[in-house]
Amino acid sequence: ASAPSSSTVENGEPSSPVEPSDGASVVDVNPPRGTRDFPPEDMRLRTWLFDQFREVSRVMAFEEVDFPVLESEALFIRKAGEEITQQLYNFEDKGGRRVVLRPEITPSLARLVIKQGKSVSLPLKWFTIGQCWRYERMTRGRRREHYQWNMDIFGMPKVRAESELLQAIILLFERLGITSSDVGIRVSSRKVLQAVLNMYSVPEHLFTEVCVIVDKLGKLTREEIEKKLVTIGLSSEAVLGIIEVLSLKSLPKLEEVLGSDVEAVADLKKLFSFAEQYGYADWICFDASVVRGLAYYTGIVFEAFDRDGKLRAICGGGRYDRLLSTFGSEDIPACGFGFGDAVIVELLKEKGLLPDLSRQIDDIVFPLDEELEGPACSVASSLRRQGRSVDLVEDKRLKWVFKHAERINAGRLILVGKSEWERGMVRVKILSTREEFEVKAGELQ
Ligand SMILES: Nc1ccc(Br)nc1
């Protein structure tokens with residue numbers, strides 16, 4: 001690789017290669033544009049966050065699954081103009097196959113459910129945490145990868161599934177110390193939009209496109225949205241009707257406009273009554289403007305937001321009852337959500353909720369001179385076999401070892417010295433109390 005020019009800016013960081021004397025080239029040590037390294041401190045935070053995802057998935061009785069990050073491009077070819085399909089990280093592999101770094105997880109889940117066929121008993125509740133990609137022109141300087149926690153339920157046609165997923169999200173927030181004063185979850189249903197389109201006799205085949213356009217409310221101006229809707233063939237009455245209904249934030253008002261026999265109203269009323277039973281009603285609110293931007297949603301949709309309005313959506317999801325038939329299979333009702341690893345960390349920083357995750361090691365074992373390196377290995381090995389984390393240190397001055405012990409929050413310093421070893425003993429220092437004593441090497445625990 002050629003040494004990048006000194007003016008190259010990668011990930012916003014100037015990469016400053018040193019021109020080596022022998023003329024060899026130096027690789028750019030930054031990760032590829034839009035991607036992140038996870039050095040130990042960042043990795044501890046990521047592992048902690050993923051452990052919270054896993055613990056919530058466990059208490060919700062979901063099973064973990066996983067998929068290749070690389071998928072066939074065909075899984076993501078959709079014609080609804082979604083951002084996600086316009087930013088596919090796609091390429092042709094050496095076998096001439098059209099492949100992508102997956103932009104989302106749901107199509108892989110659907111693929112596996114289809115592949116498993118009759119062998120899966122429904123309902124199935126699966127979760128995964130996986131890296132997702134997009135090829136975004138770096139002009140916007142946004143990331144090209146993030147990790148997403150996904151939870152999906154297949155084979156549960158009623159809104160119980162959505163209420164289960166909402167509980168999972170709220171349990172996660174509670175585990176992180178986030179309250180319903182910090183975060184809310186906007187809930188609506190695409191059937192609201194469907195009912196409005198029916199009122200104005202908008203052809204069914206425009207439904208998905210209308211959803212993708214309306215999802216841009218808040219990102220595009222109202223005029224731009226109206227223009228896009230008219231461009232795809234909606235009458236100005238239909239456009240005004242859509243904008244009016246989607247501005248509703250009261251379920252009773254929605255019932256007044258659409259009538260109580262509309263499925264959307266019945267679903268939402270049931271969901272909000274379940275919320276009372278689950279005990280999370282103060283977390284959720286009806287907001288008809290929520291449609292989410294993925295083409296395949298067919299029913300209830302939801303997204304979590306920070307009430308200060310400083311951040312992008314924290315997570316989002318919804319029902320997608322007709323995704324499998326787009327892959328040529330029999331439909332199975334499904335719903336799920338995706339929860340990214342980036343916005344939530346920004347929120348935790350905002351709220352001062354980042355956990356203290358400093359490194360913790362049980363023991364440092366240190367031979368006081370070279371001839372004791374062997375005994376030090378056997379002491380370290382015995383402690384490790386007991387499950388203790390042991391940092392075996394050599395070729396250092398004792399002063400460095402004490403500083404190192406502080407740096408890695410070691411519990412004990414085990415010193416292997418000549419005179420003690422000859423008596424079958426080692427010296428133990430408890431670093432928190434400075435207490436020091438000798439222990440038989442064979443009885444060290
Ligand atoms: N879908 C997607 C993938 C990667 C990132 Br970063 N954001 C969204």
Side-chain angles (χ1 to χ4, degrees), residues 10-13 30-38 42-43 45-46 49-50 53 65-91 98-111 127-152 165 169 208 211-213 215-216 218-220 290-297 301-306 310-318 320 323 326 334-349:
E10 299 285 338
N11 303 321
E13 303 285 330
N30 289 300
R33 287 183 170 196
T35 69
R36 299 164 291 175
D37 294 323
F38 287 88
D42 297 346
M43 194 63 197
L45 178 60
R46 180 178 125 183
L49 178 63
F50 290 13
F53 290 157
V65 291
D66 196 12
F67 310 94
V69 177
L70 186 77
E71 281 278 12
S72 160
E73 186 181 46
L75 219 50
F76 303 95
I77 300 296
R78 304 193 290 252
K79 301 270 180 287
E82 301 148 278
E83 194 176 77
I84 200 169
T85 56
Q86 291 168 339
Q87 296 179 335
L88 283 181
Y89 211 123
N90 54 350
F91 54 97
R98 296 295 309 165
V99 289
V100 296
L101 296 180
R102 66 185 174 202
E104 55 170 332
I105 305 264
T106 303
S108 300
L109 279 159
R111 179 177 60 69
F127 85 93
T128 190
I129 304 171
Q131 194 175 37
C132 295
W133 293 81
R134 68 182 170 196
Y135 192 86
E136 165 113 5
R137 295 261 161 259
M138 278 318 267
T139 41
R140 291 173 64 174
R142 294 201 299 173
R143 276 179 297 99
R144 284 185 173 153
E145 56 77 23
H146 72 173
Y147 285 83
Q148 256 192 32
W149 171 44
N150 277 241
M151 292 186 83
D152 289 74
L165 294 175
I169 292 168
T208 304
C211 289
V212 172
I213 292 170
D215 176 60
K216 297 181 170 76
K219 295 158 212 160
L220 299 180
V290 177
V291 286
R292 298 298 294 165
L294 293 172
Y296 46 71
Y297 286 135
V301 283
F302 48 83
E303 64 190 20
F305 64 98
D306 72 300
K310 292 180 183 166
L311 305 172
R312 302 180 306 287
I314 301 162
C315 67
Y320 52 97
L323 179 61
T326 64
C335 62
F337 67 77
F339 196 125
D341 70 332
V343 178
I344 185 64
V345 169
E346 288 172 51
L347 179 68
L348 292 173
K349 283 177 186 161

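Start at 1 and go down the list; that is how both ligands and their atoms are numbered.
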Pair Glu83 + Arg142, salt bridge at N-O below 4.0 Å:
yes

Ile84 N/O to ligand 1 N/O under 3.5 Å:
no

Min heavy-atom dist Arg143 to ligand 1 below 4.0 Å:
yes

Using side-chain heavy atoms (C-beta onward) and a distance below 4.5 Å, is Phe91 in contact with Leu70?
yes

Return yes when atom CZ of Phe76 has more than 12 non-hydrogen atoms of other residues, nucleotides or ligands closer than 6.0 Å, and no otherwise.
yes

Show which atoms of ligand 1 fall inside a sub-4.0 Å distance from at least one heavy-atom site of Glu145.
6 (Br)

Given Gly34, Pro103, Cys132, Ala342, which has its nearest heavy atom closest to atom 1 (N) of ligand 1?
Pro103

Tell me the nearest of Glu136, Arg134, Gln148 to atom 5 (C) of ligand 1, using heavy-atom distances.
Arg134

Could Arg111 and Phe67 be counted as a cation-pi pair, given that NZ or CZ must be under 6.0 Å from the ring centre and within 45° of the axis?
no

cation_pi(Arg292, Tyr297) dist<6.0 Å, angle<=45
no

